[in-house]
Colleague: 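This structure is in structure tokens; I'll ask about it shortly.
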Amino acid sequence: WPGSRWDHYTFEMGLQYLKTYRPRFLYLQFIEPDEYGHKDDYQGYVRSLRDFNDRFVTLVETLKELGTYGEETSIVVTTDHGRGRGFLWKKHSKEWIDSRRVWSIILPSEGLRKRSQWARVDRETYFHVDVRPTVERLLGLEPRPAGKGRGLPLIETRSER
């Protein structure tokens, strides 16, 4: 697609950067599922999601190999939008109400899990604006609410242990 690169290149560059520089925050954006969706290429869409799953496993395994740095690294996976339902699966805009539905996976670092009490959140209603305050919490910052964004209730209280 004009102006973009294949996701496997983005992932390999990001993984190398992670290993070399061990940043406090690393953002990777994958575009293949979205592009295949717009082209109405369902097989490409599913294949790109399976490729992402493999990359996710590689990322988790790499973090385990990086010792303390990996133990203190949290992972946030989210989408920039949802998709329509049924034959409208390739659409997203304000006209396609289902495309407002986004999802997130938040994996707090092992270090944070050991030091804090956590609430598991499944199928709750949260908004895209909740992602930023959640990332701020994971980085040890005081979350700054934006609109409805309150962040996911990941860290409830500090453990007394």
Side-chain angles (χ1 to χ4, degrees), residues 1-38 44-83 92 99-159:
W1 302 281
S4 60
R5 71 176 154 255
W6 294 102
D7 289 351
H8 69 272
Y9 292 123
T10 299
F11 179 72
E12 289 302 323
M13 291 186 326
L15 198 61
Q16 187 60 44
Y17 190 90
L18 180 82
K19 291 176 187 177
T20 303
Y21 298 105
R22 300 182 182 206
R24 183 144 160 76
F25 185 86
L26 176 67
Y27 170 81
L28 300 174
Q29 180 180 7
F30 300 114
I31 63 158
E32 288 179 27
D34 190 50
E35 295 295 337
Y36 283 120
H38 287 299
Y45 179 76
V46 171
R47 185 176 57 251
S48 66
L49 292 176
R50 286 186 178 136
D51 290 345
F52 172 79
N53 288 345
D54 294 341
R55 290 182 189 108
F56 189 80
V57 169
T58 299
L59 175 62
V60 170
E61 289 172 353
T62 300
L63 288 172
K64 287 179 183 176
E65 295 168 3
L66 293 176
T68 303
Y69 173 78
E71 288 176 8
E72 292 298 327
T73 300
S74 298
I75 299 173
V76 176
V77 179
T78 192
T79 62
D80 61 339
H81 58 76
R83 294 217 160 264
H92 65 86
S99 70
R100 295 180 189 170
R101 299 173 62 112
V102 298
W103 55 267
S104 296
I105 300 169
I106 313 292
L107 295 176
S109 71
E110 189 172 326
L112 281 173
R113 287 193 306 265
K114 288 178 182 175
R115 293 188 302 270
S116 305
Q117 293 178 9
W118 292 83
R120 182 178 173 96
V121 179
D122 288 322
R123 297 187 178 255
E124 294 283 338
T125 301
Y126 291 94
F127 301 90
H128 225 182
V129 295
D130 292 315
V131 174
R132 196 205 71 223
T134 302
V135 170
E136 289 170 338
R137 256 193 211 124
L138 291 170
L139 290 170
L141 303 171
E142 184 66 33
R144 293 177 25 212
K148 294 180 183 178
R150 60 198 180 280
L152 302 181
L154 295 175
I155 303 174
E156 290 187 324
T157 59
R158 289 281 176 202
S159 173

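It should be emphasised that the depicted structure is a prediction, and the values quoted were computed from it without experimental measurement.
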Colleague: Please report the C-alpha distance between Val76 and Thr134 in whole Å, then the side-chain angles of each, then the deciding distance to 0.1 Å, and finally whether the side-chain contact (heavy atoms from CB on, under 4.5 Å) criterion is met.
Modeller: CA-CA 9 Å; Val76 176; Thr134 302; 5.6 Å; no

Colleague: Look up atom OG1 in Thr62 and atom CG in Leu18, then write down how far apart they are to the nearest 0.5 Å.
Modeller: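 It is 7.5 Å, given to the nearest 0.5 Å.
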
Colleague: Please examine the side chains of Leu66 and Thr73, heavy atoms only from C-beta on, and report whether any two atoms are closer than 4.5 Å.
Modeller: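 No, every pair of side-chain atoms sits at 4.5 Å or beyond.
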
Colleague: Just how far is it from atom CG of Leu49 to atom CZ of Phe30, taken to the nearest 0.5 Å?
Modeller: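 Rounded to the nearest 0.5 Å, the CG-CZ separation comes to 12.0 Å.
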
Colleague: Supply the atom-to-atom distance Arg50 CZ to Arg55 CZ, rounded to the nearest 0.5 angstrom.
Modeller: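 It is 14.0 Å, given to the nearest 0.5 Å.
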
Colleague: When you measure from the side chain of Ser48 to the backbone of Tyr45, do you find a donor-acceptor pair of N or O atoms at a distance under 3.5 Å?
Modeller: yes

Colleague: Can you name the residues that form a salt bridge (charged side-chain N to carboxylate O under 4.0 Å, His left out) with Glu72, not counting sequence neighbours?
Modeller: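 Once residues adjacent in sequence are excluded, the partners of Glu72 under the salt bridge (charged side-chain N to carboxylate O under 4.0 Å, His left out) criterion are Arg115.
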
Colleague: Tell me every residue that passes salt bridge (charged side-chain N to carboxylate O under 4.0 Å, His left out) with Glu71, counting only those two or more places apart in sequence or in another chain.
Modeller: none

Colleague: Go through it in stages, so that I can follow the logic: the residues are Ile105 and Ile75, the test is side-chain contact (heavy atoms from CB on, under 4.5 Å), and I'd like the CA-CA distance, side-chain angles, deciding distance and then a yes or no.
Modeller: CA-CA 8 Å; Ile105 300 169; Ile75 299 173; over 6 Å; no

Colleague: For Tyr27, what residues pass the ring pair (Phe, Tyr, Trp, His ring centres under 6.0 Å) criterion, not counting sequence neighbours?
Modeller: none

Colleague: Assess whether side-chain contact (heavy atoms from CB on, under 4.5 Å) is satisfied between Asp51 and Phe11, documenting all intermediate values.
Modeller: CA-CA 11 Å; Asp51 290 345; Phe11 179 72; over 6 Å; no

Colleague: Take Asp34 and His81 through the test side-chain contact (heavy atoms from CB on, under 4.5 Å) and record every step on the way to the result.
Modeller: CA-CA 9 Å; Asp34 190 50; His81 58 76; 2.9 Å; yes

Colleague: Hey, what do you get for CD (Gln29) to OG (Ser4), rounding to the nearest 0.5 Å?
Modeller: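 It is 9.5 Å, given to the nearest 0.5 Å.
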
Colleague: Atom CD in Gln16, atom OH in Tyr21: separation rounded to 0.5 Å?
Modeller: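 These two atoms lie 9.0 Å from each other.
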
Colleague: Rounded to the nearest 0.5 Å, how far does CG of Leu15 lie from OG1 of Thr10?
Modeller: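 Answer rounded to 0.5 Å: 12.0 Å.
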
Colleague: Using atom types as modelled and distance alone, determine if a side-chain donor or acceptor of Glu32 lies under 3.5 Å from a backbone N or O of Asp7.
Modeller: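 Flag set: sc Glu32 to bb Asp7 pair under 3.5 Å.
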
Colleague: Counting N and O atoms only, with roles assigned by atom type, does the side chain of Tyr69 sit under 3.5 Å from a partner on the main chain of Pro23, one being a donor and the other an acceptor?
Modeller: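 Confirmed, Tyr69 side chain pairs with Pro23 backbone.
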
